[in-house]
Amino acid sequence: MQTLTLNNGIEMPALGLGVFQTAPEETKAAVTAALELGYRHIDTAAAYGNEREVGQAIRDSTVPRDEIFIETKIWISDYGYDETLHAFDKSASKLGVDQIDLLLLHQALPSDFDRTLAAYRALETLLTDGKVRAIGVSNFMTDHLTALLDATSVVPAVNQLEIHPYFQQHAVLDFDDQHGILNQAWSPIGGITFYPGYGENRRSVLQDPAVTRVAGTHGKSPAQVLLRWGLQQGRSVIPKSTKRARIAENIDVFDFELTAEELTALDALETNRRGGPEPEAVTLADYGRVIPEA
Ligand code: NDP
């Protein structure tokens, strides 16, 4: 498995299994399959409601804990210094681990940025105390990052963002590159382009003719081409599936290479249309919900 080195020297497997929208009762099987198939990195979140099942799969696996990179995220309802320290305890307890490899703030709270900063300071404390090996953010735009860097001391190791050929966020990617923040793609195979409710004229990037053409050239699937597109640009990718065959397909991406022309053809698919929530508009009133105790 190819690894990426975070800005504090920690090695992270470049490709992981995502478990957003994986029902708790399906999570253990998906994570177990992934570990059997060679995955060593799992991305979950307090808000996904399946940290406990991720932890069960890891504990029951024959793969040693220290060979598995566990990434999770603090939800906005738990922002604030003491609240975020407690949120770590909830997540660690549900996962059944003493230490989390990478802990992220799931979203900025632009309307209450002081609370976001307090949450990040709690992550810094957890890092100093060795409770987490690396800290980072998700869905932070350049102005959120600028404000964060001005007010805190640890540069986030990772920014996890919606990135697929239909929505590439170049300004944030460039900012992250300039500051040593690793870009990690959520919806790396365009999952959000076929979520229910994505909108009218919904079109999956997996079915885009430019993608299927490149896939045909290499004898690979569209999902594999999209994962290569991310990996070859130095990004981490965390595709989600609950199906063993697809989990296997999504990690079988290290035996081919896209050409510069193919990468450019995929870049040309940009629509500038975000699938996920507008980061500036995320508020506790609209998105806050209680994360249960462990
Ligand atoms: P993905 O791009 O990973 O796509 C997932 C979708 O694609 C599912 O519907 C899955 O269905 C299907 N699928 C998986 N593999 C294949 C394949 N080989 N061929 C065809 N279809 C396939 O999207 P996600 O939005 O799930 O993003 C991945 C991960 O990123 C999440 O699980 C989560 O960990 C993270 N994430 C983070 C967010 C954030 O705000 N930080 C937001 C959203 C996601 P099936 O399961 O039936 O195979």
Side-chain angles (χ1 to χ4, degrees), residues 13-27 29-31 33-34 37 39 41-51 53-54 69-76 91 102-109 136-141 144 156 158-169 172 182-198 202-208 211-212 215 220-231 235-253 274-279 281-282 287:
L15 186 145
L17 179 77
V19 294
F20 177 43
Q21 297 182 326
T22 299
E25 58 277 14
E26 290 182 306
T27 302
V31 174
L37 291 162
Y39 287 68
H41 173 182
I42 311 295
D43 176 70
T44 181
Y48 300 168
N50 54 18
E51 287 173 310
E53 292 74 14
V54 168
F69 193 93
I70 304 178
E71 175 174 0
T72 192
K73 316 180 193 83
I74 307 283
W75 189 239
I76 53 173
S91 285
L102 174 61
L103 187 61
L104 309 182
L105 298 187
H106 207 139
Q107 299 275 349
L109 258 186
V137 296
S138 175
N139 301 307
F140 271 48
M141 301 294 99
H144 308 141
V158 165
N159 190 8
Q160 187 183 114
L161 299 160
E162 177 182 351
I163 311 168
H164 45 77
Y166 286 172
F167 192 63
Q168 299 175 35
Q169 311 216 58
V172 193
L182 181 79
N183 290 305
Q184 183 175 58
W186 66 255
S187 279
I189 59 170
I192 197 153
T193 65
F194 46 99
Y195 284 1
Y198 180 70
R202 177 147 42 100
R203 196 165 52 113
S204 162
V205 70
L206 285 177
Q207 286 157 11
D208 193 289
V211 176
T212 55
K220 287 286 186 176
S221 71
Q224 290 170 324
V225 165
L226 295 178
L227 293 168
R228 274 305 314 168
W229 175 79
L231 290 166
R235 288 193 286 275
S236 169
V237 291
I238 44 169
K240 172 261 179 186
S241 181
T242 53
K243 300 181 174 61
R244 189 180 176 93
R246 285 176 171 178
I247 294 171
E249 177 184 326
N250 294 345
I251 198 178
D252 182 18
V253 293
R274 181 187 297 287
E278 176 53 56
V282 170
Y287 291 94

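Note that ligands are numbered from 1 as they come in the structure, with each ligand's atoms numbered from 1 the same way.
Leu102 approaches Gly136 most closely through the heavy-atom pair CD1-N, 4.3 Å. Minimum heavy-atom separation, Ala30 to Leu17: O-CD2, 3.8 Å. What you find for Tyr287 and Pro277 is that their closest heavy atoms are OH-CB, 3.4 Å. Of all heavy-atom pairs spanning Ile247 and Ala34, the tightest one is CG2-CA, 3.8 Å.
For atom 14 (C) of ligand 1, the closest non-hydrogen atom of the protein is Lys240 O, 3.0 Å. Looking only at protein heavy atoms, the nearest one to atom 34 (O) of ligand 1 is Asp43 OD2, 2.6 Å. Scanning all protein heavy atoms for the shortest distance to atom 12 (C) of ligand 1 gives Arg246 NH1, 3.8 Å. Considering only non-hydrogen protein atoms, atom 47 (O) of ligand 1 sits nearest to Lys243 NZ, 2.4 Å. For atom 43 (C) of ligand 1, the nearest non-hydrogen atom of the protein is Trp186 CE3, 3.1 Å. Atom 9 (O) of ligand 1 has Phe194 CE1, 3.4 Å as its closest protein atom, hydrogens excluded (heavy atom only). For atom 28 (C) of ligand 1, the closest non-hydrogen atom on the protein side is Ile238 O, 3.1 Å. Nearest protein neighbour of atom 48 (O) of ligand 1, counting heavy atoms only, is Ser241 OG, 2.6 Å.
Those atoms of ligand 1 with a heavy atom of Tyr195 less than 4.0 angstrom away are 24 (P), 25 (O), 43 (C). Close contacts between ligand 1 and Ile189 involve ligand atoms 1 (P), 2 (O), 3 (O), 4 (O), 7 (O), 13 (N), 14 (C), 15 (N), 16 (C), 22 (C) [criterion: under 4.0 Å to a heavy atom]. Heavy-atom contacts of Phe20 reach the following atoms of ligand 1: 31 (C), 32 (O), 33 (C), 34 (O), 43 (C), 44 (C) (cutoff under 4.0 Å). Remark: ligand 1 atoms within the under-4.0 Å shell around heavy atoms of Gln160 are 35 (C), 36 (N), 37 (C), 38 (C), 39 (C), 41 (N). Using a 4.0 Å cut-off to heavy atoms of Pro239, the atoms of ligand 1 that qualify are 3 (O). Close approach to Val19 involves these atoms of ligand 1, each under 4.0 Å from a residue heavy atom: 32 (O), 34 (O). Annotation for ligand 1: atoms under 4.0 Å from non-hydrogen atoms of Leu206 are 20 (C), 21 (N).
Inter-residue side-chain proximity for Thr44 and Thr72 is flagged as met; some heavy-atom pair is nearer than 4.5 Å. Proximity of Gln184 to Ile238: side-chain heavy atoms (C-beta onward) are separated by under 4.5 Å at one or more points. Side-chain contact between Trp186 and Asn139 is present, with at least one heavy-atom pair separated by less than 4.5 Å. Put simply, the side chain of Gln169 reaches to within 4.5 Å of the side chain of Arg274, judged on heavy atoms. Between Ser187 and Tyr195 there is a side-chain heavy-atom pair separated by less than 4.5 Å. Residues Leu226 and Pro165 are in side-chain contact: their nearest non-hydrogen atoms beyond the backbone lie under 4.5 Å apart.
For Gln160 and Asp43, the side-chain atoms include at least one donor-acceptor pair closer than 3.5 Å. In this model, a donor atom of one side chain and an acceptor atom of the other lie less than 3.5 Å apart for Glu51 and Ser91.
Residue contacts with ligand 1: Pro188 is included, with a non-hydrogen atom under 4.0 Å away. Under a 4.0 angstrom heavy-atom cut-off, Ser221 registers as lying outside contact with ligand 1.
At a heavy-atom distance under 4.0 Å, no atom of Glu162 approaches ligand 1. At a heavy-atom distance under 4.0 Å, only side-chain atoms of Ser138, from C-beta outward, approach ligand 1. Contacts of Asn139 with ligand 1, taken as heavy-atom pairs under 4.0 Å, involve the side chain alone.
Any N or O atom pair closer than 3.5 Å counts here, and Ala223 shares no such pair with ligand 1. Distances between N or O atoms of Ala185 and those of ligand 1 include no value under 3.5 Å.
The only option from His164, Gln207, Arg203 that meets the side-chain contact (heavy atoms from CB on, under 4.5 Å) definition with Thr193 turns out to be His164.
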